[in-house]
2 protein chains.
Amino acid sequence: METPVETTRERLLNVAEQRFGEGGYEGTSLRAITVAAAANIAAVNYHFGSKEALLRAAVARAMAPVNAERRRRLDQLEAGAPPTPEALIRAFVEPGLELVLRRGERGAVVARFIGRIAFDPSRRIRELYAVESEPIESRYLAALQQALPQASPDAVAFGYMNMLGLLALHQSQALSPTPGAAGTEDPGKLAENLVTFLVAAFDHGLRS
Amino acid sequence: METPVETTRERLLNVAEQRFGEGGYEGTSLRAITVAAAANIAAVNYHFGSKEALLRAAVARAMAPVNAERRRRLDQLEAGAPPTPEALIRAFVEPGLELVLRRGERGAVVARFIGRIAFDPSRRIRELYAVESEPIESRYLAALQQALPQASPDAVAFGYMNMLGLLALHQSQALSPTPGAAGTEDPGKLAENLVTFLVAAFDHGLRS
DNA sequence: GCATAGTTCAAACGGTCATTTGAACTGGAG
DNA sequence: CTCCAGTTCAAATGACCGTTTGAACTATGC
């Protein structure tokens with residue numbers, strides 16, 4: 001097989017995902033990242049321009065396939081009969097959690113990274129996540145509103161935010177030392193449990 | 001009335017709540033805190049010993065009344081008939097959100113601080129929160145298990161973690177510039193919306 | 001008055017931070 | 001071989017970090 005040469009740029013992004021997901025943006029130094037990536041400190045500013053630009057590139061790379069899959073599922077759903085809330089919830093949650101299942105340790109690192117960034121203490125960092133998922137958000141909200149005609153727009157937005165929060169919570173706990181704390185020994189069942197939980201809340205817990 | 005003299009120690013705790021809740025632990029410097037508190041930098045180490053000890057003291061002070069109220073409600077519930085899931089959820093969620101309602105801006109600062117600390121990127125910081133709410137956690141889990149006999153212990157733990165996460169999410173959004181994003185224009189209804197959401201999820205969304 | 005314990009202060013400590021610099025290296029094109 | 005754009009490198013820059021120091025101030029008890 002061909003030599004899987006990792007460029008300095010790729011190594012920096014990989015390590016950034018791991019370290020930023022572990023210690024957060026402010027809690028992780030460029031020096032720690034470059035040492036782990038076997039790169040020179042100046043390489044970050046050469047390839048990306050700044051620490052925040054490195055984070056931005058890492059967020060974009062990590063979220064691209066997840067959001068692409070969400071878009072694909074949403075397209076598919078909108079092509080057929082009006083989707084149920086469950087179908088919409090699956091289309092959002094499953095791409096975010098299949099990372100852990102389908103791509104092993106590396107996927108778990110990515111999942112944790114995404115989950116942490118989504119609720120970073122700094123507003124500027126959180127907005128990196130928001131910007132990345134903004135294009136798909138309005139489509140989701142509209143589809144949810146159609147699937148839940150009895151719920152007010154405020155209620156739909158409330159449910160969406162809770163879905164976002166719980167997904168980020170369980171993503172951020174990927175690789176955590178106490179996986180049992182996620183409420184399931186088998187990580188493969190996590191997505192099912194979360195979907196069941198959210199579907200019940202959406203179907204019975206949004207005020208009209 | 002008597003002079004409401006704020007001691008340096010109190011001013012440091014107040015500003016720490018505000019700044020740590022705004023920028024996170026790593027993202028907030030002692031200098032920023034002491035300047036805003038009109039105190040000398042050395043005052044932190046004099047009164048608390050270190051930056052982390054200041055945070056620990058702030059966490060303890062902020063969570064004490066919330067957990068005391070939770071304990072009180074739990075005592076009351078356990079004195080009567082076996083409580084419903086809804087009663088237990090209310091006993092946990094409402095003390096955490098009434099901060100915002102009953103104590104105005106100051107309470108919102110405290111709520112945001114608690115919500116942010118609960119899911120700080122650093123494990124060491126999160127454990128400060130965990131240690132503080134640990135004594136009450138096992139009682140809650142046991143009561144929840146009794147109220148949901150058909151649910152497995154894993155499912156109960158899963159539901160509890162989701163409740164914790166959603167509460168922290170909405171607490172951390174207190175004082176956020178887009179309060180409408182919380183799904184309700186009236187913050188007074190937030191607790192009701194969250195309880196309704198969680199009750200539905202607990203009653204219909206935990207696998208047996 | 002004086003001593004004393006509690007508190008505050010400016011200043012400095014060593015260390016780490018993100019970023020910049022300019023030289024050295026690399027590999028392919030002409 | 002020469003050139004050159006792309007990349008890597010050690011070193012330095014200035015700023016900021018948490019913490020420490022020892023002197024100065026304050027208020028209370030004698």
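Residue numbers begin at 1 in each chain, while the letters A, B, ... track the order of the sequences.
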J.: Does C:dT16 have OP1 or OP2 sitting under 4.0 Å from an N or O in the side chain of A:Ser29?
T.: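 No.
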J.: Report the distance from atom CG of A:Asn45 to atom P of D:dT8, rounded to the nearest whole Å.
T.: 13 Å
J.: Send over the distance from B:Glu26 CD to C:dA18 C1', rounded to a whole Å.
T.: 16 Å
J.: Extract from the structure each pairing of a protein N or O with an N or O of nucleotides 9-12 of chain D at less than 3.5 Å, listing the distance.
T.:
residue : atom : partner : partner atom : Å
D:dA10  : OP2  : A:Asn40 : ND2          : 3.4
D:dA10  : N7   : A:Asn40 : ND2          : 3.2

J.: Decide yes or no on side-chain contact (heavy atoms from CB on, under 4.5 Å) for B:Phe158 and A:Leu194, but give the supporting numbers first.
T.: CA-CA 9 Å; B:Phe158 180 71; A:Leu194 182 55; 4.2 Å; yes
J.: Tell me the interatomic distance from A:Arg9, atom CZ, to D:dG6, atom C1', rounded to whole angstroms.
T.: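 The answer, rounded to whole Å, is 14 Å.
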J.: Applying side chain to side chain contact (heavy atoms under 4.5 Å, CB included) between B:Ile114 and each of B:Val109, B:Leu167, B:Leu99, B:Val59, report the one that passes.
T.: B:Leu99
J.: Would you kindly give the CG-to-P distance between A:Leu12 and D:dT7, to the nearest whole Å?
T.: 13 Å
J.: Nucleotides 5-7 of chain C: which of its N/O atoms have a protein N/O under 3.5 Å away?
T.:
residue : atom : partner : partner atom : Å
C:dT7   : OP2  : B:Tyr46 : OH           : 2.9

J.: Name every donor-acceptor pair, under 3.5 Å, that has one atom in a side chain of residues 26-38 of chain B and the other anywhere in the protein, sequence neighbours excluded.
T.:
residue : atom : partner : partner atom : Å
B:Thr28 : OG1  : B:Arg19 : O            : 3.1
B:Thr28 : OG1  : B:Gly24 : O            : 2.8
B:Ser29 : OG   : B:Ala32 : N            : 3.1
B:Thr34 : OG1  : B:Leu30 : O            : 3.0
B:Thr34 : OG1  : B:Arg31 : O            : 3.1

J.: Distance check needed: C:dT8 C1' versus B:Glu6 CD, whole Å only.
T.: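 Answer to the nearest Å: 17 Å.
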J.: Below 30° counts as parallel, above 60° as perpendicular, anything between as tilted: where do the rings of A:Phe20 and A:Phe113 land?
T.: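 Judged by the thresholds at 30° and 60°, the geometry between A:Phe20 and A:Phe113 is parallel.
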J.: May I have the distance from A:Lys51 (atom NZ) to D:dC16 (atom P), rounded to whole angstrom?
T.: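 Going from NZ in A:Lys51 over to P in D:dC16 covers 15 Å.
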J.: Counting the atoms with a prime plus P, OP1 and OP2 as sugar-phosphate, which does B:Thr28 contact under 4.0 Å by heavy atoms, base, sugar-phosphate, or nothing?
T.: sugar-phosphate
J.: Rounded to the nearest angstrom, tell me the gap between atom CZ in A:Phe48 and atom P in D:dT7.
T.: 12 Å
